[in-house]
Engineer: 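My structure is below; once you've seen it, I'll send some questions.
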Amino acid sequence: DALGQDKKLDDALALYQQMKASGIALDGVVFNVLLKGFVTAGRVAEAMQLFEEMKQNSTPGVVTYNTLINGLGRTGRLGEALQAFAEMSEMGFTPNLVTYNVLVSACGKANMLEQGFKIFEQMQKNGVAPDVITYNALLFGIGKSGQMDRAYKLFEEMKKQGIVPTKVTYTTLMQGAGHAGHCDQILTLLEEMKKKGGFVDLIAYNIVIDKLGKAGRVKEACDIFSQMKADGFAPDVITYNAVMYGLRKAGKTNEAYKYCGEMEAAGIRPN
RNA sequence: GGGUCUCGUCGG
């Protein structure tokens, strides 16, 4: 699993072959881990091949299906993901919270928001209660489709249901507000996150700086950049790219170069 | 008893 996460999937495969050759018994978890490796590397064909192999050995389980559905969904193959979802039920596996979350998330990314809401309803009919990840995934899809009024309604609704928003909820709303061009909302959300304590993180600052810069509010972007450092956050390459993009867009190329120098001085490699 | 699955950030 560690090798697979670390872009060393082929080393993981070698280890797997070695295990097989030494006659070590391989259980379903080993296969799931490999499947996940293929899926995160975008090697879907090999993932499908391994999955077929697993079926011969009758090692697939709910986690296997979830991993596979996630892989299909995140590579834009929503149709195949839904097919795998149907198949798992036929095989007698009961979809769990993760299964539904993977599907809702895939729908949002694929601009199939209404399909996502259908699954949201279906899970509840089947007695699976949505959690904060489900709502965050829906908010992502709503934000991507530019319907922020609907996003704020769902945000209120989730709280009414007793779901506690996380920092991901807030940054997801920020992104949506950015898509809709609502920079002031982003700043309001940042203030709310600060009040919560412990909600503001590097990603939140990166989003704020990016959106302000793209909206031409480059002075504010630079101010937030200073503020994040004052708050003890170290800008990363994404932060620097975002400020520099905004500065360059505003024609402040010299200013952008200053940040570039600062970045290198901070030991951050340009990408 | 433990190990595997799901949500948010830039540029290209």
Side-chain angles (χ1 to χ4, degrees), chain A residues 1-5 12 26-40 47 54 59-74 81 84 88 93 95-109 116 119 123 128 130-144 151 158 163 165-179 186 189 193 199-214 221 225 228 233 235-249 256 259-260 263 268 270-271:
Chain A
D1 188 34
L3 290 170
Q5 310 273 5
L26 301 172
D27 68 5
V29 174
V30 174
F31 288 106
N32 288 342
V33 162
L34 272 179
L35 190 68
K36 165 85 189 315
F38 282 132
V39 152
T40 50
M54 290 174 76
T59 46
V62 177
V63 172
T64 313
Y65 276 96
N66 292 348
T67 305
L68 185 73
I69 293 167
N70 182 233
L72 293 168
R74 61 185 303 134
M88 80 183 278
F93 296 107
N96 63 16
L97 177 62
V98 174
T99 318
Y100 290 110
N101 285 347
V102 163
L103 284 166
V104 171
S105 167
C107 290
K109 289 194 171 82
I119 292 162
M123 70 190 285
V128 178
D131 69 354
V132 67
I133 294 182
T134 322
Y135 281 98
N136 289 347
L138 284 170
L139 289 172
F140 180 95
I142 296 173
K144 206 180 170 211
M158 70 187 274
I163 307 289
T166 62
K167 62 185 181 178
V168 176
T169 314
Y170 283 89
T171 50
T172 302
L173 286 171
M174 280 182 167
Q175 274 283 115
H179 278 126
I186 295 178
L189 287 162
M193 290 175 82
F199 268 48
V200 179
D201 66 2
L202 178 62
I203 293 182
Y205 277 119
N206 286 349
I207 293 169
V208 176
I209 290 165
D210 171 55
K211 299 307 182 193
L212 287 171
K214 283 185 173 144
F225 185 93
M228 78 180 276
F233 288 96
D236 66 0
V237 67
I238 294 180
T239 325
Y240 281 103
N241 287 347
V243 241
M244 290 190 293
Y245 187 98
L247 286 165
R248 192 204 60 190
K249 194 178 174 224
Y259 280 93
C260 193
M263 176 176 79
I268 296 167
N271 63 11

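A note on names: the letters A, B, ... follow the listed sequences, proteins ahead of strands, and every chain is numbered from 1.
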Engineer: For a quick check, with a 4.0 angstrom heavy-atom cut-off, what is the B/S/- contact string for nucleotides 7-12 of chain B, read 5' to 3'?
Structural biologist: BBBBB-
Engineer: Kindly write out the residues that satisfy side-chain hydrogen bond (donor to acceptor under 3.5 Å, both in side chains) with A/Thr134, not counting sequence neighbours, or none if the list is empty.
Structural biologist: A/Asn101, A/Asp131
Engineer: Over 60° means perpendicular and under 30° means parallel, so tell me whether A/Tyr259 and A/Phe225 are parallel, tilted or perpendicular.
Structural biologist: perpendicular
Engineer: Give a yes or no answer on whether the side chain of A/Lys144 reaches the backbone of A/Lys109 with a donor-acceptor pair at less than 3.5 Å.
Structural biologist: yes
Engineer: In whole Å, what is the span from the OH atom of A/Tyr135 to the C1' atom of B/U6?
Structural biologist: 16 Å
Engineer: What's the CE-C1' distance between A/Met88 and B/C5, to the nearest Å?
Structural biologist: 10 Å
Engineer: Expressed in angstrom and rounded to an integer, what is the separation of A/Lys36 atom NZ from B/G3 atom P?
Structural biologist: 15 Å
Engineer: Is there a side-chain contact between A/Thr166 and A/Thr169, using heavy atoms and a 4.5 Å cut-off?
Structural biologist: yes
Engineer: Please name all residues satisfying side chain to side chain contact (heavy atoms under 4.5 Å, CB included) with A/Ala177, sequence neighbours left out, ordered by chain then number.
Structural biologist: A/Met148, A/Tyr152, A/His182, A/Gln185, A/Ile186
